[in-house]
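Both counts, for ligands and for their atoms, begin at 1 and track the order of listing. Note that the structure is predicted; figures quoted are calculated from it, not measured.
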Amino acid sequence: MRRVLVVTAVPAERDAVLAAVPGGAEAAGEPPFAGPAVLRVRPAGTRLRVDVLAAGVGPAAAAAGAATALAGAAEPYRLVLAAGIGGGFTPAAAVGGTVVASSIVAADLGSHTPDGFADIASLGFGTSVHRPPGRLAVALAAAAGAALGPVLTVSAATGSAARAAELAARHEGAAAEAMEGFGVATAAALHGVPVAEIRTVSNAVGPRDRSAWRIPAALAALTSAFAAAWPVLDTWRDHD
Ligand SMILES: O=C(O)c1cccc(C(=O)CC[C@H]2O[C@@H](n3cnc4c(=O)[nH]cnc43)[C@H](O)[C@@H]2O)c1
């Protein structure tokens with residue numbers, strides 16, 4: 001049986017992933033304390049047992065929830081997936097599109113200096129990038145019709161064109177921005193489990209415009225992305 005943990009921010013994203021498996025979900029056991037529940041689905045025609053957790057918004061909640069699920073697992077997970085909606089960088093990822101992370105980047109973890117932003121790695125305090133297994137990321141992107149590129153994790157969503165341009169200039173090929181991936185990846189790395197990230201684009205990274213957000217479309221795309229991903233996750237071997 002191939003156990004996969006999917007970590008989203010909010011229940012609507014969790015439910016979009018679960019909707020990719022007709023027939024609904026079952027409880028995957030009570031959380032070890034009064035934390036978010038984990039729901040389980042078994043995609044038909046695969047050996048997958050997929051646990052889906054809505055851990056909360058932001059890198060800290062994502063890391064805490066993912067680490068708790070990993071630590072409490074009765075059997076080890078073979079892969080952890082950060083998943084949900086995100087902002088797309090133009091032109092790499094349009095609203096309604098899908099992005100698979102080639103790298104998972106902590107984009108605002110570090111220090112502001114007179115010479116610009118210094119990330120956590122340049123400060124000597126650990127890594128600022130987690131890398132999914134390359135062949136898995138390529139296969140997921142191909143199956144889902146997704147763009148493949150760096151997905152930036154931020155603690156504060158971009159709200160201006162200037163900030164979007166600053167991030168795009170610092171991270172070549174940046175495809176999407178979200179708030180949980182690096183937290184999930186940090187928990188996965190702590191437990192020695194490979195990580196991947198799938199984002200569906202609800203908005204363009206740039207000036208804050210709530211009216212331009214297309215969250216229902218992004219959630220529908222998330223369901224489609226996971227329906228396409230099951231066969232890839234089922235056959236992937238972690239030495240690939
Ligand atoms: O700026 C606002 O008014 C605003 C209104 C609703 C939601 C937000 C968020 O920041 C949602 C963050 C939540 O959704 C993901 N997400 C979606 N798009 C983005 C983005 O462009 N940048 C960062 N995160 C985004 C994120 O992963 C969170 O789970 C703001």
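- Distances from atom 14 (O) of ligand 1 to the heavy atoms of Ile85, Asn203, Val154 show the closest one on Ile85.
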Exercise for review: Walk me through it: do Leu79 and Leu5 pass the test side-chain contact (heavy atoms from CB on, under 4.5 Å)?
Suggested key: CA-CA 6 Å; Leu79 177 71; Leu5 175 65; over 6 Å; no
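- Arg170 CZ: more than 12 foreign heavy atoms inside a 6.0 Å radius.
- Contact annotation: Glu13 has no heavy atom less than 4.0 Å from any atom of ligand 1.
- If you take CZ on Arg2 and CG on Leu48, they are separated by 7.0 Å, rounding to the nearest 0.5 Å.
- Atom 4 (C) of ligand 1 has Arg210 CD, 3.5 Å as its closest protein atom, hydrogens excluded (heavy atom only).
- For atom 1 (O) of ligand 1, the candidate residues are Glu177, Arg199, Met179, Arg208; the nearest heavy-atom contact is made by Arg208.
- Per-residue contacts place Ala178 under 4.0 angstrom from the following atoms of ligand 1 (heavy atoms of the residue considered): 23 (C), 24 (N), 27 (O).
- Each of Asp108, Ile104, Val105, Val205 was compared with Leu152 under the side chain to side chain contact (heavy atoms under 4.5 Å, CB included) criterion, and only Val105 meets it.
- Judged by distance alone, the side chain of Arg3 and the main-chain N or O of Glu75 form a donor-acceptor pair under 3.5 Å.
- Each side-chain hydrogen bond (donor to acceptor under 3.5 Å, both in side chains) pair with one or both residues in residues 187-202, not counting sequence neighbours, appears once here: Glu180-Arg199, Glu197-Arg199.
- Protein heavy atom nearest atom 19 (C) of ligand 1, with residue, atom name and distance: Gly87 N, 3.5 Å.
- Close N/O approach between Trp213 and ligand 1 is not found [any backbone or side-chain N/O within under 3.5 Å].
- The shortest separation from a heavy atom of Gly86 to ligand 1 is under 4.0 Å, placing the residue in contact.
- Between the side chain of Glu177 and the backbone N or O of Thr158 there is at least one donor-acceptor pair closer than 3.5 Å.
- Numbered from 1 in the order shown, with element, the atoms of ligand 1 that lie under 4.0 Å from a heavy atom of Ser202 read 17 (C), 18 (N).
- In summary, the atoms of ligand 1 found under 4.0 Å from a heavy atom of Ala9, numbered by their order in the structure, are 29 (O).
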**Study point:** Evaluation steps, side-chain contact (heavy atoms from CB on, under 4.5 Å), between Trp230 and Leu233
**Key:** CA-CA 5 Å; Trp230 298 142; Leu233 298 174; 3.9 Å; yes
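- Protein heavy atom closest to atom 29 (O) of ligand 1, with residue, atom name and distance, is Glu180 OE2, 2.8 Å.
- For ligand 1, the atoms sitting less than 4.0 Å from at least one non-hydrogen atom of Ala157 are 10 (O), 22 (N), 23 (C), numbered in the order shown with element in parentheses.
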